[in-house]
Amino acid sequence: MISIKNIRDNPQLVQDSVVKKGYEGSIVEINSIDKKYRLITKNLEESRAKKNVVSQQVAESKRNGFNADDKIAEMKKLGESIKSLEEELNIIKNHLKIKLYEIPNLPHVSVPDGESEKDNVTIREWGLKPDFDFQVKTHQDLGRELKLIDFERGAKISGSGFPLYTGQGAKLERMLINSMIDHHIDKYDFSEIFPPVLILEESMRTTGQLPKFKEDMYLSELDNLYLAPTAEVPVTNIHRDEIILESDLPINYVAYSPCFRRESGSYGKDTRGLLRLHQFNKVEMVKFVKPEDSYAALEELVLQAESILQLLGLTYRVIELCSGDLSFSAAKCYDIEIWSPGEKQWLEVSSCSNFEDFQSRRGKIRYRSAVDKKVNLLHTLNGSGLATPRLMVALLETYQTKSGSIIFSDSAAEFLGMKEIK
RNA sequence: GGAGAGGUGGCCGAGCGGCUGAAGGCGCUCCCCUGCUAAGGGAGUAAUGGGUUUAUAGCCUAUUCGAGGGUUCGAAUCCCUCUCUCUCCA
């Protein structure tokens with residue numbers, strides 16, 4: 001949620017800014033609802049102030065044994081008008097809230113303008129696309145031949161988009177998750193979290209999945225619980241409705257969770273093999289930082305995600321998303337894409353975003369300043385570190401040999417605790 | 001699933017219809033005292049919305065004692081529903 005004050009003070013600026021992110025509503029309209037809201041609030045408060053005064057007078061009369069019938073009659077009347085004002089205010093307040101929750105975050109000034117992914121900017125590349133002196137196989141071929149992934153049986157159990165990892169494939173998946181978590185803990189200063197993955201509506205609202213993206217998620221209707229699309233949701237909500245001491249910041253969490261996505265809008269796009277799934281595994285980093293530190297934290301976050309790819313020896317590039325490609329909640333975002341020799345395309349394995357105070361305003365995640373003891377919204381960030389399916393794709397395809405086996409580089413082997421798959 | 005107990009400020013904890021935005025304590029901040037340390041004395045110390053304002057300063061005002069309803073002229077206090085925590089039973 002963006003600040004209502006911002007909407008009041010710079011409606012046109014906000015409008016121009018959110019249009020870049022595909023927002024179709026009218027900020028001016030929201031502004032006029034807000035004006036009405038404030039007017040009624042003022043009326044209501046004046047009535048309540050009067051009520052408080054008269055109520056005191058009644059109490060005093062009673063205490064001194066005087067009759068207060070006329071005052072009580074006045075209170076009765078006041079009470080009725082307060083009630084009707086409250087009802088009116090409630091309707092407007094809800095209306096306003098719905099509108100505010102639908103406004104995307106504003107892009108940071110440094111974000112390049114653009115409409116779609118074609119306007120994204122490549123920041124840097126690492127590694128070279130590998131050459132092969134034989135016919136390269138795709139991860140699907142390799143997965144089938146080496147009995148690492150059983151797509152057919154996965155589909156038998158849960159439908160398409162739910163891969164079944166078997167044997168060495170299952171082990172590789174597990175080692176990836178494990179090693180990435182350990183890496184973040186050992187090398188950087190992350191605390192480990194193992195979150196629940198069935199999520200309350202409220203938590204989904206904090207991070208911005210709700211109300212707009214309900215159809216992207218799985219929902220257990222009987223319980224009104226959503227399946228987490230990313231560990232970002234439970235982990236960010238750890239501190240919902242809390243006031244954190246400044247001395248405890250920054251807080252850095254790393255968490256593994258399975259991720260569940262309906263992918264309702266992406267039929268037929270990159271659906272081969274592990275490229276796009278309904279369930280996948282991901283290690284996620286989440287940071288809670290002071291506002292003035294958040295952009296430095298974002299750069300750091302990207303480097304932390306990249307460090308894994310360097311150890312794994314996978315070719316990648318870092319992309320800065322343009323305003324039009326930025327997600328609903330993000331103010332700025334870098335994607336990391338790795339090279340898939342089999343698919344011959346770049347695959348996104350990480351998305352590192354600064355949400356500024358967008359999520360913390362929704363979830364009331366605040367901190368108390370050590371200097372003036374004031375309470376302020378903090379900034380939240382998160383980044384994948386990393387999502388496993390496409391990592392698996394690149395690992396298998398990059399380290400395949402002529403004989404059809406997989407032999408990892410020394411560095412990757414050390415990271416994974418596995419040297420060879422055959 | 002059944003029976004109880006309970007959710008109050010940063011924390012602990014009192015209050016059980018009007019004088020309570022909330023005693024007392026801890027913590028924290030500032031000041032005083034003590035040549036360090038330990039101890040002592042004093043003052044201050046909620047969040048959020050609205051108004052005013054150059055101001056996130058100050059001032060005015062409203063709301064908030066798990067959440068939502070209700071009773072009442074008036075609710076932290078009484079009633080109902082929900083929720084969470086704890087104890088006991090199945």
Side-chain angles (χ1 to χ4, degrees), chain A residues 1-10 30-101 196 198-206 220 222-226 234 237-249 251 288 290-292 294 356-357 360-379:
Chain A
M1 198 156 53
I2 65 170
S3 155
I4 184 76
K5 292 214 170 81
N6 205 353
I7 291 175
R8 279 175 200 158
D9 298 345
N10 322 294
I30 291 170
N31 218 345
S32 78
I33 298 170
D34 175 57
K35 278 202 183 107
K36 213 162 140 194
Y37 164 80
R38 282 187 288 169
L39 183 70
I40 295 170
T41 301
K42 201 179 164 199
N43 289 340
L44 177 61
E45 277 185 13
E46 279 166 4
S47 295
R48 287 211 269 228
K50 196 166 174 201
K51 185 191 91 171
N52 289 340
V53 170
V54 179
S55 181
Q56 284 301 310
Q57 292 170 349
V58 172
E60 211 176 313
S61 298
K62 291 260 178 188
R63 235 177 293 135
N64 298 326
F66 297 125
N67 182 298
D69 288 355
D70 53 334
K71 296 281 180 201
I72 288 175
E74 194 185 340
M75 287 282 283
K76 231 173 188 161
K77 246 169 133 181
L78 251 177
E80 279 161 24
S81 76
I82 286 173
K83 202 160 191 179
S84 79
L85 277 172
E86 277 175 344
E87 278 164 18
E88 199 181 343
L89 186 69
N90 243 322
I91 292 167
I92 292 183
K93 208 165 147 186
N94 286 333
H95 189 48
L96 189 61
K97 221 157 96 185
I98 289 167
K99 292 283 183 193
L100 286 175
Y101 270 109
L198 282 167
I199 309 287
L200 290 173
E201 204 175 294
E202 239 177 311
S203 302
M204 286 296 191
R205 212 175 299 126
T206 299
S220 168
L222 280 177
D223 311 283
N224 206 29
L225 289 169
Y226 292 83
N237 276 280
I238 289 174
H239 296 298
R240 173 156 49 87
D241 290 319
E242 287 186 13
I243 298 171
I244 298 166
L245 293 177
E246 182 178 334
S247 56
D248 290 336
L249 297 178
I251 294 173
F288 299 81
K290 287 188 276 177
E292 61 267 33
S294 70
E356 299 189 0
D357 61 13
S360 58
R361 183 171 292 109
R362 290 174 160 236
K364 290 200 179 69
I365 311 172
R366 297 165 295 173
Y367 75 101
R368 191 180 294 279
S369 160
V371 180
D372 58 10
K373 307 294 170 201
K374 292 261 189 243
V375 175
N376 298 304
L377 294 171
L378 48 72
H379 282 193

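Only a predicted model underlies this, so the values are computations on that prediction, with no experimental measurement involved. Throughout, protein chains are lettered first and strands after them, A, B, ... in sequence-line order, and every chain is numbered starting at 1. Quick note: numbers below take in every heavy atom, side chains included, and nothing from hydrogens, waters or symmetry partners.
Between the P atom of B:C73 and the CD1 atom of A:Ile82 lies a distance of 14 Å, rounded to the nearest Å. Taking atom CD of residue A:Glu45 and atom C1' of nucleotide B:U63, one finds them 8 Å apart after rounding to whole Å. Protein atom CD1 of A:Ile92 is 15 Å distant from nucleotide atom P of B:G50, rounded to whole Å. The CG-P distance, from A:Leu78 to B:A62, rounds to 13 Å in whole Å. In this structure, A:Gln57 places its CD atom 15 Å from C1' of B:C19, rounding to the nearest Å. Per the geometry, CD belonging to A:Glu46 stands 13 Å off P belonging to B:U63, to the nearest Å. Spacing between atom CD of A:Gln56 and atom P of B:A62 amounts to 11 Å, rounded to whole angstrom units. Between A:Glu80 atom CD and B:G74 atom C1' there is a gap of 15 Å when expressed in whole angstrom units.
In this structure, A:Lys42 reaches neither bases nor backbone, as no heavy-atom distance under 4.0 Å exists between it and the strands shown. Nucleic acid contact for A:Asn52: sugar-phosphate only, since backbone atoms but no base atoms lie under 4.0 Å from a heavy atom of the residue. Contact annotation for A:Val58: base contact, defined as any heavy-atom pair under 4.0 Å involving a base atom.
A residue-by-residue look at A:Val375 and A:Lys50 shows that A:Val375 has its nearest nucleotide of RNA chain B further toward the 5' end. Nearer the 5' end of RNA chain B, as judged by each residue's closest nucleotide, is the contact made by A:Ala59, out of A:Ala59 and A:Ile4.
Listed nucleotides B:G18, B:C73, B:A62 differ in distance to A:Ala49; the shortest reach to its side chain belongs to B:A62. Comparing B:G51, B:C19, B:U56 by their nearest atom to the side chain of A:Arg38 picks out B:G51. Distance from the side chain of A:Lys62 is smallest to B:G18 among B:G18, B:A62, B:A46. Set against B:U63, B:U61, B:C73, the side chain of A:Arg48 has B:U63 as its closest nucleotide. Listed nucleotides B:U56, B:A47, B:U63 differ in distance to A:Arg366; the shortest reach to its side chain belongs to B:A47. With distances taken from any side-chain atom of A:Ser55 to the nucleotides B:U48, B:G18, B:U63, the minimum falls on B:G18.
Under a 3.5 Å cut-off, the side chain of A:Arg240 and the backbone N or O of A:Gly363 do not form any donor-acceptor pair. Between the side chain of A:Asp357 and the backbone N or O of A:Leu377 there is no donor-acceptor pair closer than 3.5 Å. Between the side chain of A:Arg361 and the backbone N or O of A:Met1 there is at least one donor-acceptor pair closer than 3.5 Å.
Only the C1' atoms considered, B:C28 is 14 Å distant from B:A46, to the nearest whole Å. B:U29 and B:G10 have their C1' atoms separated by 13 Å, with the value rounded to a whole Å. Of the P atoms belonging to B:C65 and B:A55, the separation is 32 Å, rounded to the nearest Å. B:C73 and B:C59 are spaced 36 Å apart, taking the P atom of each and rounding to whole Å. Comparing B:G35 with B:G24, their C1' atoms sit 36 Å apart, to the nearest whole Å. Atom C1' of B:U61 sits at a distance of 15 Å from the matching atom of B:U53, rounded to the whole Å. Here, B:A39 and B:C33 have their C1' atoms 11 Å apart, quoted to the whole Å. As rounded to the nearest Å, B:G2 and B:U45 have C1' atoms that lie 46 Å from one another.
Base pairing annotation: B:G24 forms a Watson-Crick or G-U wobble pair with B:C12, both donor-acceptor distances under 3.5 Å. Across all strands shown, B:U37 forms no Watson-Crick or G-U wobble pair with both distances under 3.5 Å. Both distances falling under 3.5 Å, in either a Watson-Crick or a G-U wobble arrangement, place B:U63 opposite B:A47. Pairing for B:G4 goes to B:C86, judged as Watson-Crick or G-U wobble with the two contacts each under 3.5 Å. When Watson-Crick and G-U wobble pairs are counted only if both distances are under 3.5 Å, B:U52 pairs with B:G58. Nucleotide B:C30 forms a Watson-Crick or G-U wobble pair with B:G42, both donor-acceptor distances falling under 3.5 Å. In this entry B:C73 has B:G18 as its Watson-Crick or G-U wobble partner, both defining distances falling under 3.5 Å.
The only option from A:Lys374, A:Arg368, A:Lys290, A:Arg366 that meets the salt bridge (charged side-chain N to carboxylate O under 4.0 Å, His left out) definition with A:Glu246 turns out to be A:Lys290.
Considering only heavy atoms from C-beta on, A:Tyr226 stays 4.5 Å or farther from A:Leu198 through its side chain. No side-chain heavy atom of A:Asn376 sits under 4.5 Å from any side-chain heavy atom of A:Pro291.
With respect to A:Glu86 and A:Arg48, a salt bridge is recorded, a charged nitrogen being found less than 4.0 Å from a carboxylate O. Salt bridge status for A:Glu201 with A:Arg205: present, with a side-chain N to carboxylate O gap under 4.0 Å.
Close to B:G49, at under 4.0 Å from its OP1 or OP2, lies no side-chain N or O of A:Arg8.
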